[in-house]
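Model, not experiment: these values are computed from the prediction. These numbers come from the heavy atoms of this one structure, side chains and all, not from hydrogens, waters or symmetry mates. Order of appearance sets the numbers: ligands from 1, and atoms from 1 within every ligand.
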Amino acid sequence: MTVADNVRDVAERISRAAARAGRRVEDIKLVAITKTVDIDMIREAIEAGVRAFGENYLQEARGKIEAIGHGVEWHMTGHLQRNKAKDAVTLFDMVQTVDSLALAQELDKRAGNAGKVIEGLIEVNIGEEDSKSGIRSGELLPFLNSIKEIDNLSVRGLMTLPPYFDDPEKVRPYFKMLRELRDMANNDGFPITELSMGMSHDFEVAVEEGATMVRIGTAIFGERR
Ligand SMILES: *Cc1c(COP(=O)(O)O)cnc(C)c1O
């Protein structure tokens, strides 16, 4: 299987999951996760039609983004330290891992200085796992209220890394919780829309539960080194 074959297969599976849920496939963005993946393979994915990529480490991302450029979208999908906010703002179109008020404020300030608006997703630790970053569900509304006034970080929605289960059906309740959290925020007057959830082994369930972005690494590029 080539990268192009895998992209076609994943796109097909997204499309079937969307159909099962009565959703439009245009409302679901494939974000290919390229940590440890080399530039040639990223180019193959672009050839195959992928338009958005996620990287987890700023150092690793820099060379790839500089080589490939901004004809495609770049998303930061790993934990971001506050002292890297300045670089993140220049490299990425979206930071999917906004997990503290301090980071949100720093991104806003750095984007302002750079004369741009950076898009963001709030990372929610939906399974309340000690090993994971992200705010707790109960903190979402206060968080959204605290960042209401900021202009240069545009929060578009929520992202989560749910607990791992071999059986993707067991992840479904967590995807549903993230969707309900977004709906609750909408009811409180926060017009966030995006739900970044679902990885190689569970993205079809995520799409059925409302994912607007799926983050796929292994199913496109194979097992990581
Ligand atoms: C690595 C990673 C993925 C992709 O995982 P796969 O199982 O390889 O699809 C998605 N999201 C995040 C945050 C990751 O770190």
No-hydrogen, no-angle side-chain donor-acceptor test under 3.5 Å, [X] and [Y]:
| X | Y | result |
| --- | --- | --- |
| S196 | R215 | yes |
| D27 | T212 | no |
| H75 | D93 | no |
| R156 | S154 | yes |

| query | What atoms of ligand 1 come closer than 4.0 angstrom to any heavy atom of N56? | reply | 14 (C), 15 (O)

| note | A student checking ligand 1 against I216 at a 4.0 Å heavy-atom cut-off should list atoms 9 (O)

| N or O pair under 3.5 Å between M159 and ligand 1 | no

| query | Is the shortest N/O to N/O distance between R215 and ligand 1 below 3.5 Å? | reply |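 Yes; the residue has a nitrogen or oxygen that sits under 3.5 Å from a nitrogen or oxygen of the ligand.
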
I need the nearest protein heavy-atom contact for [atom]: residue, atom name and distance, please.
| atom | result |
| --- | --- |
| atom 8 (O) of ligand 1 | T218 OG1, 2.5 Å |
| atom 9 (O) of ligand 1 | S200 OG, 2.5 Å |
| atom 13 (C) of ligand 1 | T77 O, 3.3 Å |
| atom 1 (C) of ligand 1 | K35 NZ, 1.4 Å |
| atom 5 (O) of ligand 1 | M199 CE, 3.6 Å |

| message | Below 30° counts as parallel, above 60° as perpendicular, anything between as tilted: where do the rings of F53 and W74 land? | response | tilted

| field | I220 CD1 to N6 CG distance, which is reported to the nearest 0.5 Å | value | 7.5 Å

| Straight-line distance of F203 CZ to E208 CD, nearest 0.5 Å |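 F203 CZ to E208 CD: 11.0 Å, rounded to 0.5 Å.
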
| note | Quick look: R224 vs ligand 1, heavy-atom contacts under 4.0 Å, and the answer is side chain

| Is a salt bridge present between K35 and E60, judged by a nitrogen-to-oxygen distance below 4.0 Å? |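 Salt bridge: no.
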
| ligand 1 contacted by Q96 (non-hydrogen, < 4.0 Å) |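 Flag not set, Q96 not near ligand 1.
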
